[in-house]
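Below is one structure; the comments refer to it alone.
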Amino acid sequence: MSVRPPLATLLGGFGFAGPAAAHVLVQSADVDAYTLTAGRLWSLGGALLGLVGVVIGGLALARSTGRIGTGDGRRGAVVAVGAGLAGLVIGGVIVAAAKGGPGTGYGIVGGFVALVVGLIAVVLGGLVLARARRTG
């Protein structure tokens, strides 16, 4: 009959789960195409931020040319640049941290999409800001 230390009894045996948890973290799991991993989730978030920036930048560009609404679209341009930069940073971190190629679950494809879409949002926002500076 073994006698456990009182602390391990109070913790319910969680003190012995440390080596097992470390073993699970080290194991590489097979990831199929439809598994939503953390890398894929972050890259999806970055791509969505960039897409929001593109939409807002496009609306701000249309506003600055006088096609919709009034005003110069400066506020929309600032939001587009901010969302585009956030998408660029998230995409860059995902691409830099990925240890494998497409299909490995690290989200590298979504990271590249976030980079491209974020860059488009920054360029659109920059165009609107340049136009607002010229006319204002």
For this session: Look up atom CG in L124 and atom CG in L129, then write down how far apart they are to the nearest 0.5 Å.
Result: 11.0 Å
Seminar exercise, completed: All heavy atoms of G53 vs all of A80, minimum pair found to be O-CB, 3.3 Å
Exercise. If you group Ile, Leu, Val, Met, Phe, Trp and Tyr by side-chain heavy-atom gaps below 4.5 Å, do V95 and I90 land in one group?
Worked result: no
Exercise. Can you get from V116 to L51 by hopping between Ile, Leu, Val, Met, Phe, Trp and Tyr side chains that sit under 4.5 Å apart?
Worked result: yes
Problem set entry | L88: partners by side chain to side chain contact (heavy atoms under 4.5 Å, CB included), with sequence neighbours left out | L85, L115, L119, V122
Exercise. Of all heavy-atom pairs between V81 and G126, which one has the smallest distance, and what is that distance?
Worked result: CG2-N, 3.9 Å
Exercise. Hey, does T35 have a side-chain heavy atom less than 4.5 Å from the side chain of R40?
Worked result: yes
Seminar exercise, completed: Heavy-atom nearest pair, A114 first then S43, reads CB-O, 4.2 Å
For this session: Return the set of residues passing side chain to side chain contact (heavy atoms under 4.5 Å, CB included) with A98 (not counting sequence neighbours), or none when no residue passes.
Result: Y106, I108
Exercise. Shortest non-hydrogen contact from G39 to I94?
Worked result: O-CD1, 4.0 Å
Problem set entry | Candidates I56, L49, V55 - the one meeting side chain to side chain contact (heavy atoms under 4.5 Å, CB included) with V52 | I56
Problem set entry | For the student: nearest non-hydrogen atoms of G50 and A121, plus distance | O-CB, 3.8 Å
